[in-house]
Amino acid sequence: MSDTENIAIDVRDAVKRYGDFTALKKISLSIMDNEFFTLLGPSGCGKTTLLRMIAGFEAVTEGAIYLYGDEIENLPPNKRPVNTVFQNYALFPHMNILDNVAFGLEMRGTSKSDARKKAGEMLELVQLGQFSARKPSQLSGGQQQRVALARALAPQPKVLLLDEPLSALDLKLRKAMQLELKHLQRETGITFIFVTHDQEEALTMSDRIAVMSAGEMQQLGAPTDIYERPHNMFVADFIGETNLLEVSVDGIESGRATCHLGGGHELTCNAVEGIGLGSKVHMSIRPERLYMSDTPVESESLKGRIKENIFVGTDITTIVDLQDGPDFIVRTSNSDRGNKRIFEPGSEMYVNMELGAGRLLVD
Amino acid sequence: MAAGAASGGSATTDTYKEARTWLLLPAWVTLSILVLAPVIMMLIYSFLTKEFRGGVIWEFSLAAYDQFFFDRGLFGDDPPKIEWTYVTIFWRSIWQAGAATLLSLVIGFPTAYFIATRSENMRPVWVFLITIPYWVNLLIRTVSMKFLLRDQGPLNDFLMSIGLIDSPLHIVNTNFAVQLGLFYSYLPFMVLPIYAAVERYNFALSEAAADLYASKWTTLRRVLLPAIKPGVFAGCILVFVPSMGSFLAPDLLGGAKNFMIGSLIEEQFKGNAGNWPFGAAASMILLSMVLIILMFSARQQAKADKAGG
Amino acid sequence: MTSKQFDIKTYTGFKGITLLCLVILYAPLVVVTIYSFNASQSLTNWEGVSLRWYADVFTGPESAKFKTAAKNSFIIAIIAATTATTIATLAATGMVRGGKFRFRTVSFGLISLPLMVPEIVLAVATLIFFNSIGFERGLLTILLAHIAFCIPFAYLPISARMQGIEDSYEQAALDLYATKRQAFTKILLPLMMPGIISGFLLAFIVSLDDFIITNFVKGAGVETLPTAIFGSVKQGIKPNIMAISTMLLSVSIVMVTISYFVSKSDNTK
């Protein structure tokens, strides 16, 4: 327990049950001080429940939650020095922007005039100083979002919780807000816990990501870890696009595993602890790690026929039919067109990949 | 899905869970003492012995119910025959309420449908126009109706002046006047639930029917009506039930010949009859019938909800 | 006009019936309003516009009776509506924000009981109840009865309003260090205000208009406006009754109109 001081939120064996339904199955995780931490998963995976347990809106059925070493799971939300940015912002519609932002400070006993002064400063920070007299309904979605942020940050919480705060914004605004949030987190030095179902958003913003599914944590790690080295099928499938191939492990030698695909094809990749000789598992290969050529280029080359090319703007997605084997998806960046040929449907070619591109998965 | 709904349900509405008992206590106490207890007391009174000109003697008796259904002669020792007087009044109440319900349906359904198919901005305005008269004192409305329908009233004056009739129509003191009064009293109750049902109705279904060669009226009958049946049913109940026990319309518009059960009950307490147990028994019979209808309709509603998913 | 043929939503005749419906609903009220301004002593002969029957209401032979009755009516309506609205607001908070509990259905049944029991039956029951506990009939019995049957009328708009308010507002307040009581008074109550106002106004009208129950539980010689009007009408419709009716009718329409616009003004947007 030497580094307890660096742990902002420590969730220990937390369980949440609603009657017979278990929403969270024994979750343990430590969120570090000054970290941008993301809970990522599909709807119903328990990420929002976990966030609401930290905020104090949901009782913890079993287990404990610590905030900088203090046990908080039995405190009501108004006694916890954490604040939330709600999914729909929940700005008080009958109060103006300034009073909204001042609310938390006032409730903590700051005098009305001081609270308003500080609230004004917060609004300046999110560049909404000139709107302080407006009602929330008179602001755009992006502005409301920033007010919600200012309101939650004004009382200087130890941890800021964000419940899918960007989901209501359109794509462009969302991208801009992602950067703004990231900067705000760096500037304030407050620990952010961010909930989202959008894997791209999670990869862009987070220091670390916890991928959740069906009330369990599937993988915890830095964005590159999770993308490059998915631990299991769920993570590989949920994060980004991937080719999931059924393989049987035929040989393991000096850290390399030789895997057999259907139709007599063979691929070699790095061996993974826990996957032994003869196991039938899945291999994940990201489509952008594959490329096509007339003749085999690398040791890992498979012969196939082009089924279809799909133009998706920045990329071209090609569906390749391996003879007697599974279909492959290959992604070619549009900017590479000079280097890498586009093959016409029906033509025969080779799909190549480097040795580390394939990743064996624990099911 | 079910689990998600369950978690959502308990999470969204329990902010004041701890204070619940204290919040509900005033309502529980007030309504238990001033509504529930009186109904129970009325049930007890219906089994007591009457005292001359009001009040009761605390002695168990079935005389009130016996009097409602059976005739045992002037001195009460003849063999019992069915007593038609009260059964007839009861039957007339049902018949009048039924006629008023039908009249409300015939006028109310097209009205509700018309309103529900207006633009979204205009719908509340129409609903408002239909409901305003309901909030005007029922007594005043009934008196106004009587004034309008009188032999020398504005309606007859108008009809004679345009030469449609030669001598005044006698409407007041007929069954029809009572039906008209009941219809007038409770029409909004018919319009509102039907309106709500039609507003929720997905008109793509009608379009699909028309696309599959159904005529407009066939579409109405085979597609729209089955979809909004619960609303129509609710409207009928909401008109029928208060019509059954109404007092003002039969009293002011119907006259003595067209007595309904409400007047019969009133007579026992405010009028000359002064037979409290009998009035309580008649009230119990009316209440039982209303509760049976309401339970039946609740079951229909539950069935419709289930079918609707 | 030919395009109408293809409008699947429109049925010929429905518009006509709707207009007929409005005529039926409004004709009696309009006629009474017009005739309340009749200068003639007789009911039906029109002799020009005059305010004599309005003057008669305030200064005529029956004016004392009607003034007392009006005072009773308004006092009872104000107290009954205020009490019922308070009880209903608390009850709605318990029902809508109290989570799931065993007696929820029973509680709702109890609250809506006055709407389910036919009015005349409720009148009989209340009379019998006050009689059996030896409670002397007078203004107080009328008031108590009115409080009871006003509760569901106040409750329905208030709870409907509350269901429309997401609980994330209170949660945001709690998250920002407000106590539950502060979250109620500073956030929930202001947001519910339109529902509370329309609940109060409806309860007020229902109390002001009630005849049947009042007629049963009032003491001898105690009158409210409706019972006084009924007493007069029993001896025949007189022009001064039409003047009173028109005034009472205006009060109702004004209040319902206020209620309509208040409930339309959505302060959560």
Side-chain angles (χ1 to χ4, degrees), chain B residues 10 12-17 20 23-24 26-28 30-31 34-39 41-42 45 107 110-111 113-114 117 128-129 132-133 135-141 143-145 147-148 152 154 157 184 187 203 206-207 210 216 242 244-245 247 262 265 269 279-280 283 286-287 290 294, chain C residues 8-9 11 14-15 17-18 21-22 25-29 31-32 44 87 90-91 93-94 96-101 107 110-111 113-114 116-121 124-129 132 144-145 147-148 151 167 170 205 209 211-212 216 226 229-230 233 237 245 248-249 252-253 256 260:
Chain B
S10 60
T12 50
T13 58
D14 57 2
T15 320
Y16 293 98
K17 196 169 56 185
R20 182 174 62 216
L23 291 167
L24 284 165
W28 281 338
T30 315
L31 292 165
L34 291 171
V35 180
L36 200 57
V39 170
M41 194 53 87
M42 180 178 75
Y45 263 47
I107 302 278
T111 305
Y113 182 91
F114 180 80
T117 51
F128 182 55
L129 278 178
I132 280 190
W135 293 110
V136 172
N137 196 323
L138 181 59
L139 172 62
I140 290 178
R141 277 188 292 155
V143 169
S144 306
M145 194 70 158
F147 177 72
L148 181 69
Q152 297 88 33
D157 278 359
Y184 183 44
L187 180 64
F203 274 98
S206 287
E207 285 170 1
K216 264 187 175 183
M244 273 279 296
F247 166 70
I265 293 170
F269 296 92
S283 299
L286 175 61
L287 180 61
V290 165
L294 288 180
Chain C
I8 187 79
K9 285 187 176 182
Y11 287 87
F14 278 23
K15 186 179 188 176
I17 294 174
T18 306
C21 179
L22 284 185
L25 285 175
Y26 284 91
L29 304 179
V31 163
V32 161
T44 31
I87 293 174
L90 297 176
T93 311
V96 181
R97 290 294 202 256
K100 287 187 188 131
F101 58 105
S107 298
L110 190 61
I111 290 168
L113 195 60
M116 292 195 285
V117 177
E119 212 182 346
I120 188 118
V121 175
V124 166
T126 315
L127 168 65
I128 286 177
F129 176 71
S132 68
L144 288 172
I147 289 172
I151 288 175
D167 68 341
E170 297 124 73
I205 297 172
D209 284 357
F211 166 71
I212 296 179
F216 269 71
I229 292 173
F230 185 79
V233 169
I237 302 175
S245 297
L248 208 48
L249 183 157
S252 297
I253 290 180
V256 176
Y260 171 76

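Proteins come first, then strands; the chains are lettered A, B, ... in the order of their sequence lines, and each starts at number 1. All values reported here derive from a predicted model rather than from experimental measurement.
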**Student:** Can you say whether C:Phe230 sits under 4.5 Å from chain B via the side chain, the backbone, both, or neither, judging by heavy atoms?
**Tutor:** both
**Student:** Which one, C:Leu90, C:Leu127, C:Ile128, C:Val233, leads in non-hydrogen pairs under 4.5 Å with chain B?
**Tutor:** C:Ile128
**Student:** With only heavy atoms counted, which part of C:Leu29 is less than 4.5 Å from chain B, the side chain, the backbone, both or neither?
**Tutor:**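 Contact with chain B involves both backbone and side-chain atoms of C:Leu29.
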**Student:** Against chain B, label C:Leu110 side chain, backbone, both or neither, depending on which of its atoms sit under 4.5 Å from a heavy atom there.
**Tutor:** both
**Student:** For the backbone of B:Thr15 and the side chain of C:Arg97, can you confirm whether one donor and one acceptor N or O come within less than 3.5 Å of each other?
**Tutor:**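 Not at all, since once roles are kept as given, no pair shorter than 3.5 Å links the two residues.
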**Student:** Specify which of B:Pro133, B:Ser283, B:Ala27, B:Gly245 makes the most heavy-atom pairs with chain C at under 4.5 Å.
**Tutor:**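 Option with the top pair count is B:Pro133.
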**Student:** Sort out for me which of B:Phe269, B:Trp135, B:Phe203, B:Phe247 touches chain C most, counting heavy-atom pairs under 4.5 Å.
**Tutor:**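 Counting heavy-atom pairs under 4.5 Å, the top option is B:Trp135.
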**Student:** Quick check on C:Leu144 against chain B: is it the side chain, the backbone, both or neither that has a heavy atom closer than 4.5 Å?
**Tutor:** both
**Student:** Is it the side chain or the backbone of C:Val117 that comes within 4.5 Å of chain B heavy atoms, both, or neither?
**Tutor:** both
**Student:** Within the distance-only criterion (no hydrogens, no angle test), does the side chain of C:Tyr26 pair as donor or acceptor with the backbone N or O of B:Leu129 below 3.5 angstrom?
**Tutor:** yes
**Student:** Has C:Tyr11 got a side-chain atom pairing as donor or acceptor with B:Lys216's backbone, closer than 3.5 angstrom?
**Tutor:**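 Pair found, side chain donor or acceptor close to backbone of B:Lys216.
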**Student:** So what's closer than 4.5 Å to chain C heavy atoms on B:Leu294: side chain, backbone, both or neither?
**Tutor:**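 Just the side chain, heavy atoms under 4.5 Å.
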**Student:** Given heavy-atom pairs under 4.5 angstrom as the criterion, report whether the side chain, backbone, both or neither of C:Ile205 touches chain B.
**Tutor:**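 Just the side chain, heavy atoms under 4.5 Å.
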**Student:** What part of C:Ile151 gets within 4.5 angstrom of chain B, counting heavy atoms only: side chain, backbone, both, or neither?
**Tutor:** side chain
**Student:** Given heavy-atom pairs under 4.5 angstrom as the criterion, report whether the side chain, backbone, both or neither of B:Val143 touches chain C.
**Tutor:**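 Contact with chain C involves both backbone and side-chain atoms of B:Val143.
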**Student:** Provide the closest heavy-atom pair for B:Ala280 versus B:Met42 in the form atom of the first, atom of the second, distance.
**Tutor:** CB-O, 3.6 Å
**Student:** Does any backbone or side-chain atom of B:Leu139 lie under 4.5 Å from a heavy atom of chain C? Answer side chain, backbone, both or neither.
**Tutor:**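 It is the side chain, since no backbone atom gets that close.
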